[in-house]
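Notes to accompany the following structure.
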Amino acid sequence: MREYLLTLCITAAVTYLLTGPVRKFAIVAGAMPEIRARDVHREPTPRLGGIAMFFGLCAGLLVADHLTNLNQVFETSNEPRALLSGAALIWLIGVLDDKFEIDALIKLGGQMIAAGVMVVQGLTILWLPIPGVGSVALTQWQGTLLTVALVVITINAVNFVDGLDGLAAGMVCIAATAFFLYAYRIWYSYGIEAAAPATLFSAILMGMCLGFLPHNMHPARIFMGDSGSMLIGLVLAAGAISVTGQVDPDALNLYVGSEKEAVHQTVPVYIPLLLPLTIIAVPAADLILAIVRRTWRGQSPFAADRGHLHHRLLEIGHSHSRAVLIMYFWSALIAFGALAYSVNSASMWIVLGVVFLSAIGLVLLLLPRFTPRTPRWMERFVPPRYRRRGAVTALAPEASTPASAGERPVPAGAESRTPVASGVAGVNGATALGGRSRPADRRKAGTR
């Protein structure tokens with residue numbers, strides 16, 4: 001465990017330290033797209049954060065190769081080299097897309113090629129566990145197609161959920177943490193050395209996300225871009241493929257007793273395939289709702305709009321940070337719920353706990369709809385957002401002056417808005433030369 005933690009810390013440190021210079025390089029290179037109508041950020045923000053994440057991946061693999069116990073992973077398996085090859089290819093495609101915005105079909109083809117590179121080097125699904133039957137061996141073509149499909153789906157799921165500051169990195173970090181606990185349990189409790197590569201991949205993935213998150217939290221100083229989202233999606237898929245394709249389910253001694261018992265006992269075998277899909281649950285629901293919404297309006301299913309889940313959370317009344325935390329909550333509930341179910345699938349307390357936490361999540365989701373109103377005698381002692389509309393005008397000294405004819409009264413606390421210019425000097429956060437800029441339309445504390 002100590003060597004895994006050391007690898008995680010080194011990966012996080014390298015990613016964190018390189019993100020600042022990479023940000024300045026992205027500004028100089030002009031990797032700052034114009035703000036689109038559906039974007040939630042107000043200022044041009046540099047991308048190419050995946051460069052720092054890729055070098056963090058390389059640093060983690062290099063450190064692990066020189067550690068006493070983790071060195072055996074590189075000696076007995078070719079999977080780390082397969083991961084590095086596929087990651088380098090998908091990272092290069094992402095960097096080109098962040099700078100030149102290449103066609104979507106070209107990116108899809110690059111994702112398939114990266115998955116094929118890993119398959120050629122042995123990182124593939126060899127069999128599938130079937131309850132009551134055992135492990136069913138797959139042909140070479142079946143394993144290749146299933147591996148490529150899992151990689152492409154996971155990459156695009158992570159890319160699709162990257163809509164708010166810190167959202168994709170945080171959700172992937174949560175999924176990687178749950179996957180690390182599962183893979184480490186398989187490796188340590190059952191003594192199966194084939195699960196060690198997946199455990200290593202999960203630890204490195206956590207370090208990549210944790211090192212990048214301080215720069216990406218709201219307000220984001222840099223975006224990971226496709227070079228980062230596709231990279232962490234590929235690493236997450238590689239861990240799932242490693243456990244499913246290399247760990248023999250028969251070695252876990254699960255198929256004992258009746259067929260009914262075998263069905264319950266084989267649940268942990270499916271977890272490697274299910275955990276990467278937990279991050280797809282939220283964006284998949286968003287994708288289905290988007291298709292239905294756009295088709296109902298007579299638009300193309302691929303037309304961009306501001307109706308995604310994170311947009312709706314902002315429209316309900318949640319702040320940017322609170323919307324991200326709510327998405328974190330649901331991702332953690334799904335991921336760790338699946339992990340707990342794999343440990344003890346027959347426990348009813350796990351199901352009840354998931355249901356209880358889901359109810360709490362719904363309350364938090366709808367909390368802005370239930371803003372309490374205080375009595376009039378307490379309105380002077382509470383923030384303005386809890387006062388009645390008439391009370392805000394009565395309490396504001398500026399509102400007591402009558403407005404002249406033809407003039408509209410200006411609400412108390414409102415300030416003039418200054419449009420943000422697109423350019424190097426207007427990027428979000430600190431520029432390459434100056435200090436951190438403050439938004440021009442920031443309101444006074446205590447107002448909405």
Show the numbers, then the answer: is there a side chain to side chain contact (heavy atoms under 4.5 Å, CB included) between Ile125 and Gln142? CA-CA 9 Å; Ile125 298 177; Gln142 291 174 341; over 6 Å; no

Stepwise side chain to side chain contact (heavy atoms under 4.5 Å, CB included) test for Phe201 and Glu79: CA-CA 10 Å; Phe201 297 164; Glu79 294 181 15; 4.2 Å; yes

Could you walk me through whether Met118 and Thr124 pass side chain to side chain contact (heavy atoms under 4.5 Å, CB included), step by step? CA-CA 7 Å; Met118 294 193 301; Thr124 182; over 6 Å; no

Determine, stepwise, if the pair Leu126 / Leu138 fulfils side chain to side chain contact (heavy atoms under 4.5 Å, CB included). CA-CA 6 Å; Leu126 302 178; Leu138 301 177; over 6 Å; no

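Here Leu200 contributes atom CG and Leu61 contributes atom CG; the two are 6.0 Å apart, rounded to the nearest 0.5 Å. Distance check, rounded to the nearest 0.5 Å: CG of Leu92 to CG of Asp97 gives 11.5 Å. Taking CD1 from Ile232 and CE from Met171, the interatomic distance works out to 10.5 Å, rounded to the nearest 0.5 Å. From Ile222, atom CD1 reaches atom NE2 of His215 across 8.5 Å, with rounding to the nearest 0.5 Å. A distance of 10.5 Å separates CE of Met1 from CG of Leu8, quoted to the nearest 0.5 Å. Between the NE2 atom in His66 and the CZ atom in Phe74 there is a gap of 9.5 Å [rounded to 0.5 Å].
Ion pair Glu101/Arg47 flagged as a salt bridge, since at least one NZ, NE, NH1 or NH2 atom sits closer than 4.0 Å to an Asp/Glu carboxylate oxygen.
Contact check for Thr19 versus Met53: no side-chain heavy atoms found under the 4.5 Å cut-off. Inter-residue side-chain proximity for Tyr184 and Leu181 is flagged as unmet; no heavy-atom pair is nearer than 4.5 Å. A 4.5 Å side-chain heavy-atom check between Ile102 and Lys107 finds at least one atom pair inside the cut-off. Side chains of Leu150 and Leu146 form no contact here, defined as non-hydrogen atoms less than 4.5 Å apart. Here the side chains of Leu234 and Leu83 are in contact, with some heavy-atom distance below 4.5 Å. Considering only heavy atoms from C-beta on, Thr199 stays 4.5 Å or farther from Phe179 through its side chain. Within the 4.5 Å cutoff, no side-chain heavy atoms of Met217 are placed close to those of Asp165.
Asp98 and Ser227 share a side-chain donor-acceptor pair at under 3.5 Å.
Of all non-hydrogen atoms in Val73 and Ala196, the two that sit nearest each other are CG2-CB, 3.7 Å. Taking all atoms of both residues into account, the shortest heavy-atom contact from Ala198 to Gly239 is CB-O, 3.5 Å. Nearest heavy atom pair, residue Met206 against residue Cys173, reads CG-O, 4.2 Å. Closest of all the heavy-atom pairs between Thr7 and Ala64 is OG1-CB, 4.1 Å. Here the shortest heavy-atom pairing between Pro214 and Gly211 reads CD-O, 3.6 Å. Of all non-hydrogen atoms in Leu231 and Gly50, the two that sit nearest each other are CD2-O, 4.1 Å.
Here the side chain of Asp226 pairs no donor or acceptor atom with the backbone of Gly94 at under 3.5 angstrom. Under a 3.5 Å cut-off, the side chain of Thr147 and the backbone N or O of Gly143 do form a donor-acceptor pair. A donor-acceptor contact shorter than 3.5 Å is absent between the side chain of Asn216 and the backbone of Phe212. Checking side-chain atoms of Arg23 against main-chain N and O of Arg221 turns up a donor-acceptor pair under 3.5 Å. Judged by distance alone, the side chain of Asp162 and the main-chain N or O of Ser229 form no donor-acceptor pair under 3.5 Å. The closest donor-acceptor contact from the side chain of Arg81 to the backbone of Ser77 lies under 3.5 Å. Between the side chain of Glu3 and the backbone N or O of Leu67 there is no donor-acceptor pair closer than 3.5 Å.
Among residues two or more places apart in sequence or in another chain, the ring-ring contact (aromatic ring centres under 6.0 Å, His included) test is passed with Tyr4 by Phe180, Trp187.
Dense packing is recorded around CZ of Phe329, with more than 12 heavy atoms of other residues, nucleotides or ligands lying under 6.0 Å away.
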